[in-house]
J.: 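Following this message is one structure expressed as structure tokens.
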Amino acid sequence: MTTSTTPNPRHPPPPAHPPAHDDLRDFYENPAVPVASGPSRTLRQARVLATALGPAPATEHPRTILDIGCGDATAAATASPLLTGHRIIGVDWSQDALTRARTHLPYTVRGELTALPLHTASADAVLFSEVIEHLVDPDTALAEIRRVLRPGGHLMLSTPNLAAWYNRALLLVGVQPVFSEVSLRAIHGRPGKEVVGHLRLYTPRALREFVTAAGFEVVGLKGAPFHGVPRALRPLDRLACARPPLASILLLHARKT
């Protein structure tokens with residue numbers, strides 16, 4: 001297959017209507033931009049997908065899973081032991097990311113979320129991990145994902161939770177919520193040291209409504225911890241996962257209707 005790349009926290013796909021300046025594209029092409037996900041989220045997501053797909057069929061073609069926004073594919077490598085027998089294809093628009101992804105994945109495709117270079121109804125599942133918060137045009141992205149999924153195909157989407165337990169407290173005292181950003185050049189008004197380029201943030205309710213409006217049926221919503229939480233607060237962050245509306249990361253499982 002040809003090689004390619006789509007959105008990931010480090011390399012989201014270019015917007016359908018790019019900004020007048022190249023600042024945003026240059027930002028996401030920079031290898032120094034940190035990846036904002038972790039193994040805990042990846043494993044939780046992979047377990048849900050493995051249960052939904054079931055065992056790989058022995059006599060049929062392997063099911064196809066697209067990791068859209070795969071970046072360097074470290075997340076796919078973490079998930080792959082739970083998805084044995086299924087074919088995982090990494091998709092990203094950054095050639096640099098795809099070059100690194102090939103050390104973990106045998107199949108990669110280079111493409112943009114505004115027009116994925118994939119046949120209609122060609123995938124059984126899509127992993128869309130910490131990508132949607134980086135997009136200028138998430139509506140077109142979900143429309144393209146829906147197009148490439150087979151009827152009943154699975155969407156596993158993860159994104160930071162605007163209503164995470166600590167963000168509720170921060171807003172009460174007038175502090176910018178974690179995950180939100182007002183600049184691509186520096187941190188202003190919120191905790192943290194790294195700019196990661198978040199443009200969209202969702203509460204659980206908003207995410208459910210948005211995905212449903214895009215033509216999916218929401219099957220479930222779970223929570224996952226955030227690796228950037230201070231060590232002393234991590235037990236509390238893990239505890240919050242039991243209640244997704246308070247969790248740091250939202251893990252949404254939906255099916256194409």
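Worth knowing before you read on, the calculation uses all heavy atoms, side chains too, and leaves out hydrogens, waters and symmetry mates. Bear in mind that the values here come from a model prediction, so they are computed numbers and not experimental data.
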J.: Which atom names give the shortest non-hydrogen contact between Ile249 and Arg41, and what distance separates them?
T.: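 Looking at all heavy atoms of both residues, the closest pair is CG2-CG, 3.9 Å.
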J.: Assess the residue pair Ile145 and Phe216 against the criterion (side-chain contact (heavy atoms from CB on, under 4.5 Å)); give the C-alpha distance rounded to whole Å, side-chain angles, the decisive distance to 0.1 Å, and a yes or no.
T.: CA-CA 10 Å; Ile145 288 174; Phe216 293 87; 4.2 Å; yes
J.: Under 4.5 Å between any side-chain heavy atoms of Ile89 and Thr64, yes or no?
T.: yes
J.: Can you give me the closest heavy-atom contact between Thr108 and Ala101, atom names plus distance?
T.: CG2-CB, 4.3 Å
J.: The criterion is side chain to side chain donor-acceptor pair (under 3.5 Å); which residues satisfy it with Ser180, sequence neighbours excluded?
T.: Gln176
J.: Is it true that a side-chain atom of Asn167 and a backbone atom of Leu162 form a donor plus acceptor pair closer than 3.5 Å?
T.: yes
J.: Suppose we screen for ring-ring contact (aromatic ring centres under 6.0 Å, His included). Which residues come up paired with His253, at least two apart in sequence or across chains?
T.: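 If we apply the ring-ring contact (aromatic ring centres under 6.0 Å, His included) test to His253, skipping adjacent residues, the hits are His154.
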J.: Is there a chain of hydrophobic side chains (I, L, V, M, F, W, Y, each step under 4.5 Å between heavy atoms) that links Leu43 to Leu127?
T.: no
J.: Which pair of non-hydrogen atoms, one from Gln95 and one from Arg102, has the smallest distance, and what is that distance?
T.: NE2-NH2, 2.8 Å
J.: Let's go through Ser129 and Gln45 carefully: what are the C-alpha distance in whole Å and the side-chain angles of both, what is the deciding distance for side chain to side chain donor-acceptor pair (under 3.5 Å) to 0.1 Å, and is it a yes or a no?
T.: CA-CA 9 Å; Ser129 304; Gln45 198 172 37; 2.8 Å; yes
J.: Filter on ring-ring contact (aromatic ring centres under 6.0 Å, His included), then keep only pairs touching residues 162-189, sequence neighbours left out; what's left?
T.: Phe179-Phe226
J.: Heavy atoms, side chains only, cut-off 4.5 Å: are Tyr202 and Asn161 in contact?
T.: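 Heavy-atom side-chain distance check fails, nothing below 4.5 Å.
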J.: Are any of the side-chain heavy atoms of Phe210 and Pro138 separated by less than 4.5 Å?
T.: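 A side-chain contact exists here, since the closest heavy-atom pair is under 4.5 Å.
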J.: Among the clusters formed by ILVMFWY side chains lying less than 4.5 Å apart, do Val126 and Leu135 turn up in the same one?
T.: yes
J.: Report yes or no: do Val48 and Val218 belong to one cluster of Ile/Leu/Val/Met/Phe/Trp/Tyr joined by side chain heavy-atom distances under 4.5 Å?
T.: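 Different hydrophobic clusters.
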J.: So, do Thr51 and Leu49 sit near enough that their side-chain heavy atoms are less than 4.5 Å apart?
T.: no
J.: What I'd like to find out is whether the side chain of Leu233 reaches to under 4.5 Å of the side chain of Asp237, using heavy atoms alone.
T.: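 Of all side-chain heavy-atom pairs linking Asp237 with Leu233, none is under 4.5 Å.
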J.: Show the nearest heavy-atom pair for residues Gly189 and Val175, with the distance to one decimal.
T.: O-CG1, 3.5 Å
J.: Please answer whether the main-chain N or O of Glu130 pairs with a side-chain N or O of Thr159 as donor and acceptor at a distance below 3.5 Å.
T.: no
J.: Which pairs count as salt bridge (Lys or Arg N to Asp or Glu O under 4.0 Å) when at least one residue sits in residues 116-127, sequence neighbours excluded?
T.: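 Found Asp124-Arg150.
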J.: Test of understanding: clusters of I, L, V, M, F, W, Y form through side-chain heavy atoms closer than 4.5 Å, transitively. Do Val178 and Val229 belong to the same one?
T.: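 In one cluster: yes.
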J.: Determine which pairs satisfy salt bridge (Lys or Arg N to Asp or Glu O under 4.0 Å) with at least one residue from residues 199-224, sequence neighbours left out, and list them in order.
T.: Arg205-Glu209
J.: Is the shortest heavy-atom distance from the side chain of Leu157 to the side chain of Ile132 under 4.5 Å?
T.: yes
J.: What pair of heavy atoms forms the shortest contact from Val195 to Ser183, and how long is it?
T.: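 Between these two residues, the closest heavy atoms are CG1-O, 3.6 Å.
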J.: For a quick test of reading the model, state the closest non-hydrogen atom pair linking Ala247 to Cys241 and the distance between them.
T.: CB-CA, 4.0 Å
J.: Check side chain to side chain donor-acceptor pair (under 3.5 Å) between Arg238 and all other residues, then give those that pass, not counting sequence neighbours.
T.: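 Side chain to side chain donor-acceptor pair (under 3.5 Å) check on Arg238 returns nothing, list empty.
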J.: Under the salt bridge (charged side-chain N to carboxylate O under 4.0 Å, His left out) test, which residues partner Arg168, sequence neighbours left out?
T.: none
J.: In Å and rounded to the nearest 0.5 Å, what is the CG to CG distance from Leu66 to Leu149?
T.: 7.5 Å
J.: Only counting residues at least two apart or in another chain, list the ones meeting salt bridge (charged side-chain N to carboxylate O under 4.0 Å, His left out) with Arg63.
T.: none
J.: Answer yes if Ile65 and Val148 sit in the same cluster of Ile, Leu, Val, Met, Phe, Trp and Tyr residues linked by side chain heavy atoms under 4.5 Å apart, and no otherwise.
T.: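 Unlinked, Ile65 and Val148 end up in two clusters.
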J.: Atom CG of Leu252 and atom OG of Ser158: how far apart are they, to the nearest 0.5 Å?
T.: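 It comes to 10.0 Å.
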J.: Would you confirm whether Lys256, through its side chain, and Arg146, through its main-chain N or O, come within 3.5 Å as a donor-acceptor pair?
T.: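 At least one qualifying donor-acceptor pair exists.
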J.: Please table the atom pairs, donor to acceptor, closer than 3.5 Å between any side-chain atom in residues 76-85 and protein atoms at least two apart or in another chain.
T.:
residue, atom, partner, partner atom, Å
Thr78, OG1, Thr74, O, 3.0
Ser80, OG, Ala77, O, 3.0
Thr84, OG1, Pro81, O, 3.1

J.: Considering residues at least two apart in sequence or located in another chain, which fulfil the salt bridge (charged side-chain N to carboxylate O under 4.0 Å, His left out) criterion with Arg47?
T.: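 So Arg47 forms no salt bridge (charged side-chain N to carboxylate O under 4.0 Å, His left out) with any residue.
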J.: Is any side-chain heavy atom of Pro177 less than 4.5 Å from a side-chain heavy atom of Leu170?
T.: no
J.: Are side-chain heavy atoms of Val91 and Leu116 found at a separation under 4.5 Å?
T.: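 Sidechains of Leu116 and Val91: in contact.
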J.: Give, for atom CD1 of Ile68 and atom CG of Leu155, the distance between the pair rounded to the nearest 0.5 Å.
T.: 8.5 Å
J.: Set out, in order, the CA-CA distance, both residues' side-chain angles and the distance that settles side chain to side chain donor-acceptor pair (under 3.5 Å) for Thr140 and Asp137, then state yes or no.
T.: CA-CA 6 Å; Thr140 296; Asp137 186 3; 2.5 Å; yes
J.: If the condition is side chain to side chain donor-acceptor pair (under 3.5 Å), which residues does Arg255 pass it with, not counting sequence neighbours?
T.: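 Counting only residues at least two positions away or on another chain, Arg255 forms no side chain to side chain donor-acceptor pair (under 3.5 Å).
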J.: Among residues at least two apart in sequence or on other chains, which ones pass side chain to side chain donor-acceptor pair (under 3.5 Å) with Thr203?
T.: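 Here no residue qualifies.
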J.: Judged by atom type as modelled, is there a donor-acceptor pair below 3.5 Å linking the side chain of Arg44 to the main-chain atoms of Gly223?
T.: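 A pair under 3.5 Å: yes.
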